[in-house]
Amino acid sequence: MSAPIIEFKNVKKCFGETVIFSDFNFKVEENEIVSIIGPSGSGKSTLLRILMTLEGIDGGYINVAGESLWHMPWQGRYVPANSKHLHKMRNHLGMVFQHFNLFPHMTVKRNITEAPMRVKGVSRTEAEKFAEKLLRLVGLADKADSYPNDLSGGQKQRVGIARALAMKPSILLLDEITSALDPELVDEVLDVIRNLVKEESFTMLLVTHEMYFAREISDRVCFFDKGAIVEEGEPEAIFTQPREERTKAFLNAYIGQ
Amino acid sequence: MNGFHWDWAFTWEVLPMILSAAKVTLLATLLGSILAIVMGLVFALLRRSKSRTLCISTYWIVEFIRSTPLLVQIFFLYYVMPEFGVSMSPLATGVFALGLHYGAYLSEVFRSGIDGIEKGQWEAARALNLTIIDTYKDIVLPQAIRPMIPATGNYIIAMFKETPQLSAITLLEMLQMAKIIGSENFRYLEPFTLVGILYLVFSLLAAYGIHQVERRFPKEGFSLK
């Protein structure tokens, strides 16, 4: 069995006095789709933000694609990573945000082509060709020249997905991508992810409150509480026969299981 | 009552001289503004630097410049710096003093403009692996500029109205010219009134221009091709 593509080893993370993770261990295999569910404040989003290097860690190690994320080798030992190392590591990862975070002053197409052109040095023609392909994939081929503020929430999030995919990440992080949407717009976004995983293999880590979606799409579901994995397993097992009382209580409250 | 008699012939005679000095005033303002914007941006970025030393030293430099009178700074640059081997023409000294002084004020405008950009924009830029330079150039500044326009404009107009201070180092700008004309002809009413009117006209035009720029500037910012 190959090494996991993501591995957390004894990770510690605090926000001031508040301890989010005290001794956190977690693994994700290549091409595995893992859903993370759990109550607010349990550390779900922090996990993704640490992987995307938006938050640092206070202890432990994280490996991504066989290399340490937050540390780098230097004179035979591991030292905190410099910005060059982090820049290299971020190439493995792509993130879609809860509040889209599209660039409002750029057209949809420019939102998607900006990073490939600037970061990867892709030519404008090539970047635009790929952006058009991605926009077809997310069903927004006719919105290339629109500005984000002219789009609905669901459309904005679909652009957010296209923008993350434009960098061709091997690991996709989805942070509550439907939480800021009106209920009738949720499915159009989830359909994009459904189609995506049908077409291509991805390692995907998603934090979600859409339980039916987590159950349908995931290889594994992890239930988080207070910075620890309380229970994890195949979606059917977690949703139909949870072992832990805490999981049962959460799922009951959520879906009236 | 001689002083209150308005002499039109004298007015038309001195107007070309005042207007030619106005060119110096406008040139000093234009170059001073460019330098102030550059310095303001540099100070603002240094204040946001991760290095605590850079951040704190920039804070004190900005505070020092803002807390000392412009005239003292002008005199210092013109009379003291030559002792250290740095000698500049009155115009260059004036531009440098205005640029530095107003750069310190503008740095606060720029800093609050940059701080006004949502955290999510920085995070998206980082997640897309943009460098810090590309993040500022392509994401942050294009969105931050519009809210900065009114305050920046006010400071540039204030700088324009401070240019008479450069007469203290013999720069032949509008006020200095009016003073010379007045003392040579023993008539101050017309030259000083003309200078006042020109300041008023240029300030109103600049305020109108700035308002137009702000009005036409896209609300979301702009993106370079």
Side-chain angles (χ1 to χ4, degrees), chain A residues 45 48-49 51-55 82-84 86-121 124 146-150 156 159-160 162-169 171-175 180, chain B residues 37 41 44-55 109-110 112-150 152 212-225:
Chain A
S45 288
L48 299 196
R49 292 173 58 78
L51 278 170
M52 197 63 254
T53 71
L54 301 176
E55 300 284 353
N82 59 16
S83 55
K84 197 175 161 194
L86 291 176
H87 188 79
K88 183 183 81 180
M89 293 306 289
R90 275 196 287 267
N91 281 327
H92 296 292
L93 299 144
M95 186 162 183
V96 184
F97 297 88
Q98 181 181 354
H99 295 289
F100 331 126
N101 299 351
L102 298 180
F103 305 131
H105 57 302
M106 293 178 174
T107 61
V108 162
K109 186 163 51 178
R110 183 71 192 271
N111 262 278
I112 300 170
T113 57
E114 175 75 9
M117 282 164 59
R118 293 270 182 242
V119 181
K120 295 197 161 171
R124 181 184 293 271
S146 302
Y147 281 85
N149 288 348
D150 300 327
K156 282 181 192 171
V159 176
R163 183 176 70 170
L165 293 175
M167 289 298 278
K168 301 181 179 169
I171 301 165
L172 194 58
L173 310 171
L174 309 178
D175 187 11
Chain B
I37 288 170
L41 205 53
L45 296 180
L46 288 176
R47 280 292 304 278
R48 293 183 61 92
S49 152
K50 277 181 191 161
S51 152
R52 224 175 127 67
T53 322
L54 266 183
C55 181
V109 174
F110 296 165
S112 69
I114 293 169
D115 286 349
I117 297 302
E118 282 176 29
K119 197 177 155 205
Q121 295 288 300
W122 296 92
E123 291 186 345
R126 178 173 259 221
L128 290 168
N129 223 351
L130 294 175
T131 61
I132 191 71
I133 293 173
D134 284 339
T135 303
Y136 271 111
K137 182 169 64 69
D138 298 333
I139 311 299
V140 175
L141 290 178
Q143 295 183 65
I145 285 174
R146 192 177 194 267
M148 293 173 185
I149 294 172
T152 305
Q212 289 302 313
V213 171
E214 189 197 355
R215 210 167 59 86
R216 283 155 197 245
F217 207 88
K219 274 199 174 65
E220 301 80 14
F222 65 93
S223 72
L224 300 167
K225 284 286 167 204

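Naming convention: chains lettered A, B, ... in sequence-line order (proteins, then strands); numbering from 1 in each chain.
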Chain A contact via B:N129 - side chain, backbone, both or neither, heavy atoms under 4.5 Å
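It is both, since atoms from each part get that close.
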Backbone N or O of A:L102 within a donor-acceptor pair of the B:Q121 side chain at under 3.5 Å?
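Between the backbone of A:L102 and the side chain of B:Q121 there is a qualifying donor-acceptor contact (under 3.5 Å).
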Would a distance-only check, ignoring hydrogens and angles, find a side-chain to backbone donor-acceptor pair under 3.5 Å from A:R90 to B:A127?
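The answer is no, because no donor-acceptor pair under 3.5 Å joins these two groups.
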Report the option among [options] that has the most heavy-atom pairs separated by less than 4.5 Å from atoms of chain B.
options: A:F97, A:F100, A:Y147; answer: A:F97
options: A:H99, A:M95, A:M106; answer: A:M106
options: A:H105, A:Q98, A:M52; answer: A:H105

Side chain, backbone, both or neither: which part of [X] has a non-hydrogen atom closer than 4.5 Å to chain B?
X: A:F103; answer: both
X: A:N91; answer: both
X: A:H87; answer: both
X: A:T53; answer: both
X: A:L173; answer: neither

Minimum heavy-atom distance [X]-[Y], with the two atoms named:
X: B:M148; Y: B:A144; value: CG-O, 3.2 Å
X: B:I117; Y: B:W122; value: O-NE1, 3.7 Å
X: A:P116; Y: A:M167; value: N-SD, 3.6 Å
X: A:R163; Y: B:L128; value: CD-CD1, 3.7 Å

Are A:R49 and B:E123 close enough for a salt bridge, meaning some N to O gap below 4.0 Å?
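Looking at A:R49 and B:E123, the cut-off is met.
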